[in-house]
Participant: 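Below you will find the structure I want to go over with you.
Small disclaimer: the values here were computed from a predicted structure and weren't measured. Remember, it's 1-based here, ligands and their atoms both numbered in the order they're listed.
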Amino acid sequence: MHSVFIEELDAQTYAEHLARPGATIIIPAGATEQHGPHMPLGVDAMLSRTIAGAVAEKTGALVAPALCYGYKSQPRSGGGNHRAGTVSLGGCSLSQMVEDVVGSFIAQGFDNVVVLNGHFENYQFIYEGLDNAVARTRNPGAAARAMLLSYWDFVDEETLSKVFPDGFLGWDIEHGGILETSLMLLLHPALVKMDRVVDHPPAKLTPYDIFPEDPSRTPDSGCLSSAKGATAERGRLLFETVTSQVADALKNELLLGGMPLEAN
Ligand code: ZN
Ligand code: MN
């Protein structure tokens, strides 16, 4: 069986996939961003890439190399861009990168391009790049479709109530919290140090931003909520819900063709 990750494919295998009707590529998007003392800087890209790989196996898609820099981390969703370890792009750079990469995949002949986002702050800038790439290539001969999603938006109420039995306070404060830590415990356990989790109440967020940022507004841990309740079992619930729901959305919205990588 071929890898679904194109960086592991030779050009001929890639071209064979591309030539099939309904050829689909998923681009994972993440960030380089501190995730507290217990997790690595690459969490957002690692999770979106692994989720994209599982979705690709369910849909016959391929996965592009992840976008490993994201839009500026913000205090109300990622701890803030001032934190050590957080290295970001400006909005124009991110939008332009997405436009260029998506435009290249469409020009190569992919029928469908999906960006699977794993960093909260990225969304609107990816939207801009995708919209421009599709508009630019819109012509009678090319009918490429694109989709944009953030994986946490596919967690349903039932899963939420199991993963957050004490109540769910919103995705924005899940930076370095139970969602990401549980998924990392399932998918990349060697990179998580649960003995270093700082147990503190959820960050108190103001309904506004200030400039320049006041670092004292971010909890010292760099996380916006505690990962204390994170477990690999919770990660399993999240992963299975997200991958099956995202795969269903792709099947509903895109003409995927067959299952080119492996008949099933
Ligand atoms: Zn994250
Ligand atoms: Mn992030």
Participant: What do you reckon, is NZ of K228 surrounded by more than 12 foreign heavy atoms closer than 6.0 Å?
Facilitator: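 No.
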
Participant: Would you give the length of the straight line joining atom CD of E174 to atom CZ of F168, rounded to the nearest 0.5 angstrom?
Facilitator: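 It comes to 6.0 Å.
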
Participant: Mind checking whether the Zn ion (ligand 1) has an N, O or S of H35 under 2.8 Å?
Facilitator: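 Coordinating: yes.
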
Participant: How would you list, by chain and number, every residue that makes a side-chain hydrogen bond (donor to acceptor under 3.5 Å, both in side chains) with S225, sequence neighbours excluded?
Facilitator: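 With sequence neighbours excluded, S225 shows a side-chain hydrogen bond (donor to acceptor under 3.5 Å, both in side chains) to no residue whatsoever.
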
Participant: Restricting to N, O or S atoms, which atom of D44 is closest to the Zn ion (ligand 1)?
Facilitator: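 D44's closest N, O or S atom to the Zn ion (ligand 1) is named OD1.
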
Participant: Confirm or rule out an N/O/S atom of E33, from backbone or side chain, lying less than 2.8 Å from the Zn ion (ligand 1).
Facilitator: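 Of the N, O and S atoms in E33, none lies under 2.8 Å from the Zn ion (ligand 1), which means no.
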
Participant: In the hydrophobic cluster built from side-chain contacts under 4.5 Å, what are the other members alongside L205?
Facilitator: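 Under the 4.5 Å side-chain rule, L205 groups with L169, I173, L224.
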
Participant: What are the protein N/O/S atoms, named by residue and atom, that sit under 2.8 Å from the Mn ion (ligand 2)?
Facilitator: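 Per the 2.8 Å query on the Mn ion (ligand 2), atoms found are E33 OE1, D44 OD2, H119 ND1.
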
Participant: Dump the intermediate steps for salt bridge (charged side-chain N to carboxylate O under 4.0 Å, His left out) on D172 and R76, then the final yes or no.
Facilitator: CA-CA 7 Å; D172 45 354; R76 292 199 279 149; over 6 Å; no

Participant: Where does the angle between the aromatic ring planes of H17 and F110 fall among parallel (under 30°), tilted (30 to 60°) and perpendicular (over 60°)?
Facilitator: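 H17 and F110: tilted rings.
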
Participant: Tabulate below the donor-acceptor pairs under 3.5 Å that side-chain atoms of residues 35-49 make, not counting sequence neighbours, or state none.
Facilitator:
{"unit_1": "H35", "atom_1": "ND1", "unit_2": "E33", "atom_2": "O", "d": "2.8"}
{"unit_1": "H35", "atom_1": "NE2", "unit_2": "D44", "atom_2": "OD1", "d": "2.8"}
{"unit_1": "H35", "atom_1": "NE2", "unit_2": "E180", "atom_2": "OE1", "d": "3.3"}
{"unit_1": "H35", "atom_1": "NE2", "unit_2": "E180", "atom_2": "OE2", "d": "3.4"}
{"unit_1": "H38", "atom_1": "NE2", "unit_2": "G176", "atom_2": "O", "d": "3.4"}
{"unit_1": "H38", "atom_1": "NE2", "unit_2": "T181", "atom_2": "OG1", "d": "3.0"}
{"unit_1": "D44", "atom_1": "OD2", "unit_2": "H119", "atom_2": "ND1", "d": "2.9"}
{"unit_1": "S48", "atom_1": "OG", "unit_2": "A29", "atom_2": "O", "d": "3.1"}
{"unit_1": "S48", "atom_1": "OG", "unit_2": "D44", "atom_2": "O", "d": "3.0"}
{"unit_1": "S48", "atom_1": "OG", "unit_2": "A45", "atom_2": "O", "d": "3.3"}
{"unit_1": "R49", "atom_1": "NH2", "unit_2": "E7", "atom_2": "OE2", "d": "3.1"}

Participant: Decide, counting backbone as well as side-chain atoms, whether E180 has an N, O or S atom less than 2.8 Å from the Zn ion (ligand 1).
Facilitator: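 Yes.
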
Participant: Is it true that atom CD of E8 has more than 12 heavy atoms of other residues, nucleotides or ligands lying nearer than 6.0 Å?
Facilitator: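 Buried by this count: over 12 neighbours within 6.0 Å.
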
